[in-house]
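One structure below.
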Amino acid sequence: MIERKNKTICSHGVPATVSTVKKNNDNHGSRFYGCPYWQEDDCEFFEWIDKEQYEPRANYVIRDLVTADEGLEKEVAKLKKRAEEINEAEKKIKELKMDIRGLKSENKSMKRQLRIVAARERTYAAQV
């Protein structure tokens with residue numbers, strides 16, 4: 001590991017990413033440095049952040065906060081999906097309103113034509 005200007009650099013020479021342990025184990029919620037390319041080339045660069053500086057109680061609090069954060073992330077995802085559904089429904093409503101306007105206009109035109117035809121029929125019936 002190389003330290004440059006308070007940045008941890010992995011063995012690829014790029015800044016390491018900061019991640020949080022998501023697994024529900026003794027390290028849950030702990031932060032660590034890792035290589036941003038670990039999935040691409042199985043880089044094994046890894047270093048705990050502040051692992052020794054926390055009191056045991058802090059680790060429990062961090063775990064609880066990470067768990068709460070995960071729950072909030074799931075809730076946000078649900079809300080985003082619901083917002084998309086609402087947006088789609090609003091688009092459909094707008095389209096239907098436009099269809100209704102078109103049908104009303106068409107209905108008005110057809111009523112006008114019907115009155116004209118009815119008037120012609122009355123005129124024709126009166127002449128016969």
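This is a predicted model, so every value here is computed, not measured.
Listed by first and then second residue, the side chain to side chain donor-acceptor pair (under 3.5 Å) pairs that reach into residues 119-128 come to none, sequence neighbours excluded.
Between Arg115 and Arg112 the shortest side-chain heavy-atom distance falls below 4.5 Å.
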Check step by step if side-chain contact (heavy atoms from CB on, under 4.5 Å) holds for Lys92 and Glu95. CA-CA 5 Å; Lys92 185 67 177 171; Glu95 290 172 8; 3.9 Å; yes

Please assess Lys91 against Glu88 for the test side-chain contact (heavy atoms from CB on, under 4.5 Å), listing each intermediate value before the final yes or no. CA-CA 5 Å; Lys91 286 179 188 176; Glu88 289 300 315; 3.6 Å; yes

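Cluster membership for Val14 and Tyr33, using ILVMFWY side-chain heavy atoms within less than 4.5 angstrom, is not shared.
Here Met98 contributes atom CE and Leu103 contributes atom CG; the two are 12.0 Å apart, rounded to the nearest 0.5 Å. Expressed to the nearest 0.5 Å, how far SG of Cys35 lies from CD1 of Ile9 amounts to 11.0 Å. Summarising the geometry, atom CG belonging to Asp69 is positioned 8.0 Å from atom OG1 belonging to Thr20; distances are rounded to the nearest 0.5 Å. Rounded to the nearest 0.5 Å, atoms CZ (Arg82) and CG (Asn87) are 10.5 Å apart. To the nearest 0.5 Å, atoms NZ (Lys78) and NZ (Lys74) are separated by 8.5 Å.
When all heavy atoms of Val21 and Val66 are compared, the pair lying nearest together is O-CG1, 4.3 Å.
Between Lys81 and Glu84 there is no salt bridge, since no side-chain nitrogen of the basic residue lies less than 4.0 Å from a carboxylate oxygen of the acidic one.
Of the possible donor and acceptor atoms, none in the side chain of Ser19 sits under 3.5 Å from a partner among the backbone N and O of Phe32.
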